[in-house]
Number of protein chains: 2
Amino acid sequence: MPSATVENYLKCILMLSMECDHGEVPMGLIANSLGVTSGTATSMMKSLQKEKWLKYKSRKGVTLTSSGKKLGMRMIRRHRLLETFLVETLGLDWSEIHDEAEVLEHAISEKVLERLDVFLGNPRHDPHGHPIPTKAGIIRKSPQKTLLDCDIGKKMKVVSIFDQSTEFLNFAKKKGLMPGNMIKAISRDNLADTIELQIEKTPKFSLGLTSAEKILVSG
Amino acid sequence: MPSATVENYLKCILMLSMECDHGEVPMGLIANSLGVTSGTATSMMKSLQKEKWLKYKSRKGVTLTSSGKKLGMRMIRRHRLLETFLVETLGLDWSEIHDEAEVLEHAISEKVLERLDVFLGNPRHDPHGHPIPTKAGIIRKSPQKTLLDCDIGKKMKVVSIFDQSTEFLNFAKKKGLMPGNMIKAISRDNLADTIELQIEKTPKFSLGLTSAEKILVSG
DNA sequence: ATCACAACTTTGATTGGTCAAAGTATAGCG
DNA sequence: CGCTATACTTTGACCAATCAAAGTTGTGAT
């Protein structure tokens with residue numbers, strides 16, 4: 001059975017390969033997002049390759065094999081189901097669940113996970129609005145865009161927030177940018193690189209485009 | 001923070017010191033019940049002593065310090081609350097929860113644990129009938145004896161089963177020896193070393209004294 | 001009082017995961 | 001084309017946890 005470390009590397013590589021697809025995921029991104037030195041990442045890649053989780057091309061990067069992808073997906077499923085449980089059942093705060101799930105995802109068995117899934121009513125999205133992969137490792141996605149390329153003046157629903165940091169999550173929460181909420185884009189200022197938003201009847205406010213990019217919306 | 005390994009050693013030593021109190025817990029028992037070689041146990045004891053979890057006397061054995069006891073108790077609390085959750089909430093089988101809890105107990109945070117405790121309604125006993133230590137590390141105990149020294153002919157309630165093996169637990173379950181059930185000791189045969197039991201209206205059966213010793217009863 | 005054996009300790013080696021620091025390849029500028 | 005800066009790899013070291021095998025001690029039986 002793969003160690004927690006292996007599980008983490010694989011989940012991380014899968015997420016990187018999904019969000020910024022360059023075919024191969026470069027070492028730098030991996031080392032960086034796991035907080036290890038690049039040497040550590042390199043040597044880890046070699047052993048992950050030896051165990052057939054991925055294909056490693058020196059100075060190019062890394063691509064997951066199908067078993068690598070499968071395990072990565074399994075980890076994302078675990079993570080998101082656990083986050084859902086922590087919020088829905090135990091009432092933990094939106095911003096504190098990530099770190100908890102990060103540990104639990106390596107400890108929970110397949111059996112307990114599937115029971116949890118049933119107990120929670122087979123949820124399709126975690127509390128951040130991210131889709132929960134199926135048991136078979138498939139992400140069911142609904143057509144989504146970010147606040148960057150949304151229509152001005154139309155009402156839409158917040159689907160998810162693509163940021164893990166407590167700081168940003170708390171900010172988003174305070175502003176009402178939470179999955180499920182309806183929001184309206186009032187105007188976009190391409191010179192100032194901001195977008196002006198209104199949520200229900202609360203005051204308008206604006207968001208920089210780097211932040212706007214993290215907010216997924218639908219409708 | 002103590003590693004999962006440290007947590008395991010401490011929990012194990014605490015349990016050994018409770019069930020067979022000789023003041024000092026000998027190396028052999030520890031190595032044996034953790035399934036490591038005696039050399040490993042010895043070297044671990046030295047480092048646990050260095051970190052003030054216990055006092056180690058060469059060729060004598062080991063006694064926990066108060067912080068050692070506290071951590072040990074915390075692990076038992078975690079384990080038993082998790083077992084309760086796995087049975088009560090997720091409906092896992094009586095016999096499969098031990099191994100699951102054994103892993104999860106090292107991954108769950110204090111915060112999540114306390115939420116779980118509330119969610120479960122502050123249970124006092126796990127599904128095996130073992131008492132769950134309080135947050136402060138105190139075991140509330142009710143007066144109990146084993147089937148070894150129970151009264152013949154009197155009805156009593158099964159309180160807990162002191163065996164972790166799936167095999168024995170399944171056997172006990174099949175026979176109806178489960179916490180909460182009422183049983184009656186029909187007779188004891190001191191020559192054959194057996195005790196004859198009847199549960200509700202099912203057929204009588206007998207139990208060897210080594211097995212009888214594992215069944216705690218009350219009343 | 002001696003001696004054998006069981007219980008324990010020591011020693012030396014291994015594995016997985018990590019870092020720091022030194023070495024190397026390559027993309028792209030001049 | 002050659003050079004430099006950046007991205008990557010190599011090397012050597014370390015730590016926690018483990019084992020096997022060799023060495024030591026203490027207890028109890030004779």
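Within every chain, numbering begins at 1; the chains are lettered A, B, ... in the order of the sequence lines, protein sequences first and strands thereafter.
In this structure, E24(B) places its CD atom 17 Å from P of dA7(C), rounding to the nearest Å. As rounded to whole Å, 14 Å separates atom C1' of dT6(D) from atom CG of N32(A). A straight line from CG of L10(B) to P of dA17(D) spans 12 Å, rounded to a whole angstrom. Between L48(B) atom CG and dT18(D) atom P there is a gap of 11 Å when expressed in whole angstrom units. Atom pair K60(B):NZ and dC8(C):C1' shows a separation of 12 Å (rounding to whole Å applied). Rounding to whole angstrom units, CE of residue M45(B) and P of dA17(D) are separated by 11 Å. Between M44(B) atom CE and dC15(D) atom C1' there is a gap of 12 Å when expressed in whole angstrom units. In this structure, K46(B) places its NZ atom 7 Å from P of dT9(C), rounding to the nearest Å.
Counting distance only, with no hydrogens placed and no angle test, the side-chain atoms of R59(A) and the base atoms of dT24(C) include a donor-acceptor pair under 3.5 Å.
If you check the side chains of H98(B) and H79(B), you find a donor sitting under 3.5 Å from an acceptor. Between the side chains of E100(A) and S109(B), at least one donor N or O lies within less than 3.5 Å of an accepting N or O.
Between F85(B) and F85(A), the gap from one ring centroid to the other is short of 6.0 Å. Aromatic ring centroids of F162(B) and H130(B) lie under 6.0 Å apart.
The existence of a salt bridge linking D117(B) and K135(B) is excluded, since no basic side-chain nitrogen approaches an acidic carboxylate oxygen closer than 4.0 Å.
Remark: T40(B) is not in phosphate contact with dT18(D), judged by side-chain N or O atoms under 4.0 Å from OP1 or OP2. Considering only side-chain N and O atoms, Y9(B) lies nowhere under 4.0 angstrom from the phosphate OP1 or OP2 of dA16(D). For S38(B) and dC8(C), the shortest distance from a side-chain N or O to OP1 or OP2 is not below 4.0 Å. OP1 or OP2 of dG17(C) lies within a sub-4.0 Å distance of a side-chain N or O belonging to T5(A).
Here the side chain of M27(A) is nearest to one of dC8(D), dT18(C), dC8(C), namely dC8(D). For S3(B), counting side-chain heavy atoms from C-beta on, the closest listed nucleotide (dC19(C), dA17(D), dC8(D)) is dA17(D).
Residues from residues 49-58 of chain B placing a heavy atom under 4.0 Å of any atom in DNA chain C, listed by number, are Y56(B), S58(B).
Formation of a donor-acceptor pair under 3.5 Å by the T63(B) side chain with backbone atoms of E24(B) is not found in this model.
Between V6(A) and A41(B), the residue whose closest nucleotide on DNA chain C is further toward the 5' end is A41(B).
Cation-pi geometry between K46(B) and Y56(B) is not satisfied (NZ or CZ under 6.0 Å from the ring centre, within 45° of the ring normal).
Among the atoms of the strands shown, base atoms are found under 4.0 Å from some heavy atom of G39(A).
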